[in-house]
Amino acid sequence: MTAATLKTERHLVIVLGATGDLMKRKLLPVLYNLTEGGASFHLLAMARSKELNDDSYRAQAVEAMVQFGKLDAGKAAQWAKTSLSYGALGAGTAADFRALRTRIEQIEREKNLPGNRIFYLSLPPETFPKTISGLGEAGLHRSATGWSRLVIEKPFGTDLSTAQSLNDLVHRHFDEAQVYRIDHYLGKETVQNLVAFRFGNAIFESLWNRDRIESVEVTVAESLGVEKRAGYYDQAGALRDMMQNHLTQLITIAALEVPARFDARAIRHEKEKVLRSIVPYSPGDVVFGQYTAGESEGKKVPGYLEEDGVRKDSRTETFVAMNLRINNWRWQGVPFLVRTGKRMPRRESKIVVNFRRAPVAMFDFNDESVMSNRLSIRLQPEEGFALDFGAKVPGDGFVLKQQRFQFNYKDAYGELPDSYQTLLYDVMQGDQTLFVHADEVESSWRLYAPLLEEPPELQPYAAGTWGPQAAQDMFAKSSAR
Ligand code: BG6
């Protein structure tokens, strides 16, 4: 983002859950940056506490912006003074939401805002239903003079039926066109660039099918353990926390058909078609793991069961690997080998497309594994692309060695914007392309329902390794086919 290039209609952003971690770490720095970039809004930070007021909340906010956003304290304080107000929601009764409405109208009068509103639910998921009803019943789902948008953080439901009920409740008050379900992976530049790469470069799209591709690997590995989130994570596990949302989004974007246009309706329609084409998997196609004590980045680390706040007999998976198949003309027979886990050797998210080998092996390769071309799309860190190809080693004979074409984002553009910045700006613009549609979220839960009902046996893996051996065997077997 360059200075003051953003354009938005004037509006009010109301964050519910403004004393939470997400607000401090992400939303405040990102909202500051958006103002700097030219977006035009006032922020109303709402939380339960009646102890806080404008001044004390602003002081907290500035501290967070300095700590997490590395912003200048003076500038942050100036921004907070002019662009930020605090409001107490109390217990969230009907009267509290009516009071919120009065407060919103009062700020809009004072700041001369036209009635455009974004409600951002940065709340624990169990409070989503009550909050959505509260907003709706206080009449805040509509604005008499402008637009009203609702942003919902993940997790959206904990299974198919809870997601359906939540969708029903949302739709009782809001139209789908007002709803922005966040999956922060969709805001990552590298994920968006996958669409640009595929549909902006005809040479790749013409190879993007079962005739040319042997397998697709999707990996989201984290070196961190469960950290301070055991209360949530031990209930959720890797399937709900990562697979149902982030990895599923990556699969759909890697696999979707060419959309008619680059807009929300066309892209979401194509993603939904991919989800519906994924065939039921068998038990041999799934591995669940849980980390035991080991080493991470040179330090000894405890096993999952020894982590603070984890039940001592917990059966929660911290690793999932799946071999998924998409039964359509483009992908029939191509394994999508997908894995995610905590306490892996390093933080690394990538999509690797393994192309088929040349039909006839004419040359010697110095290494069997380089006999096929491989495209790596590195989502983080070291964001970029790499295409491996064989090149002749100079000298006698005809031996090929793997070499690489590379593109690195940082070399070309410097630091990439935070995904929340991209997504929030899209909400301000009313662009739903990078948000998850109601049907999509349900299809994705439907896909994993058999595993939620009957999870496979949990396999241990030592912290600092690439997951249970069974997963590595499953991948090796599928790639060799
Ligand atoms: C969150 C998960 O949605 O994504 C976390 O709840 C996970 O468990 C995080 O660590 C990973 O996000 P990123 O952007 O760091 O890859």
Side-chain angles (χ1 to χ4, degrees), residues 17 20-27 29-30 68-69 120-126 128 151-158 163 180-194 218-251 253 288-291 296-297 301 304 307-310 314 316-320 338-351 377-384 409 415-424 434-436 441 444-445 448 463 467:
D21 231 34
L22 179 70
M23 180 67 159
K24 289 188 191 146
R25 285 173 183 274
K26 294 278 183 192
L27 303 183
V30 152
F68 299 112
Y120 195 122
L121 307 195
S122 173
L123 292 164
E126 58 279 9
F128 289 169
V151 183
I152 312 179
E153 267 295 330
K154 76 168 260 268
F156 195 92
T158 53
Y180 295 75
R181 291 175 197 78
I182 290 233
D183 184 313
H184 78 277
Y185 266 58
L186 290 176
K188 291 184 192 277
E189 279 292 328
T190 38
V191 175
Q192 293 172 64
N193 196 35
L194 182 52
V218 180
T219 302
V220 177
E222 295 184 274
S223 58
L224 293 177
V226 66
E227 306 305 299
K228 294 194 165 49
R229 300 166 69 222
Y232 151 74
Y233 193 86
D234 204 37
Q235 301 296 323
L239 187 76
R240 288 188 171 94
D241 186 48
M242 298 294 287
M243 189 66 97
Q244 179 271 336
N245 38 69
H246 307 324
L247 280 99
T248 305
Q249 289 296 333
L250 298 181
I251 299 168
I253 292 181
F288 271 24
Q290 189 185 70
Y291 65 83
S296 173
E297 296 176 337
V301 292
Y304 180 69
E307 300 270 21
D308 279 350
V310 169
S314 170
T316 298
E317 77 289 354
T318 61
F319 172 94
V320 180
V338 188
R339 67 183 162 171
T340 183
K342 300 242 181 241
R343 285 282 185 236
M344 309 262 93
R346 56 178 177 271
R347 178 172 186 246
E348 179 177 72
S349 299
K350 60 180 184 185
I351 299 175
I377 301 153
R378 293 192 308 266
L379 306 174
Q380 62 189 26
E382 288 160 31
E383 294 84 350
Y409 266 92
E415 282 302 317
L416 294 175
D418 189 283
S419 53
Y420 274 92
Q421 190 161 314
T422 309
L423 293 174
L424 259 164
L434 300 178
F435 296 85
V436 186
V441 87
S444 163
W445 279 119
Y448 300 111

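Remember, it's 1-based here, ligands and their atoms both numbered in the order they're listed.
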Between the side chain of [X] and the main-chain N/O of [Y], is any donor-acceptor distance below 3.5 Å?
| X | Y | value |
| --- | --- | --- |
| T318 | Y291 | yes |
| R343 | A463 | no |
| K154 | D241 | yes |

Which of the numbered atoms in ligand 1 are below 4.0 angstrom from a heavy atom of [X]?
| X | result |
| --- | --- |
| Y185 | 12 (O), 13 (P), 14 (O), 16 (O) |
| K154 | 1 (C), 2 (C), 3 (O), 6 (O) |
| K342 | 5 (C), 7 (C), 8 (O), 10 (O) |
| K188 | 13 (P), 14 (O), 16 (O) |
| D241 | 2 (C), 5 (C), 6 (O), 8 (O) |
| H246 | 1 (C), 3 (O), 4 (O) |

Exercise. Who gets closest to atom 10 (O) of ligand 1 by heavy atom: E222, E348, Q380?
Worked result: E222
How far is [atom] from its nearest protein heavy atom, and which residue and atom is that?
| atom | value |
| --- | --- |
| atom 5 (C) of ligand 1 | R229 NH1, 3.3 Å |
| atom 15 (O) of ligand 1 | R347 NH2, 3.4 Å |
| atom 12 (O) of ligand 1 | H184 NE2, 3.1 Å |

Problem set entry | Residues R229, E227: salt bridge by 4.0 Å N-O rule | no
Problem set entry | Note: D21-K26 ion pair, threshold 4.0 Å (strictly below) | no
For this session: Taking the side chain as every heavy atom from C-beta outward, state whether T422 and Q192 have any atom pair closer than 4.5 Å.
Result: yes
Exercise. Any side-chain heavy-atom pair from Y185 and L247 closer than 4.5 angstrom?
Worked result: no
For this session: Give the ring-plane orientation class for Y233 versus Y304, where under 30° counts as parallel, over 60° as perpendicular and anything between as tilted.
Result: perpendicular
Exercise. Out of curiosity, is Y233 lining ligand 1, as in a heavy atom under 4.0 Å away?
Worked result: no
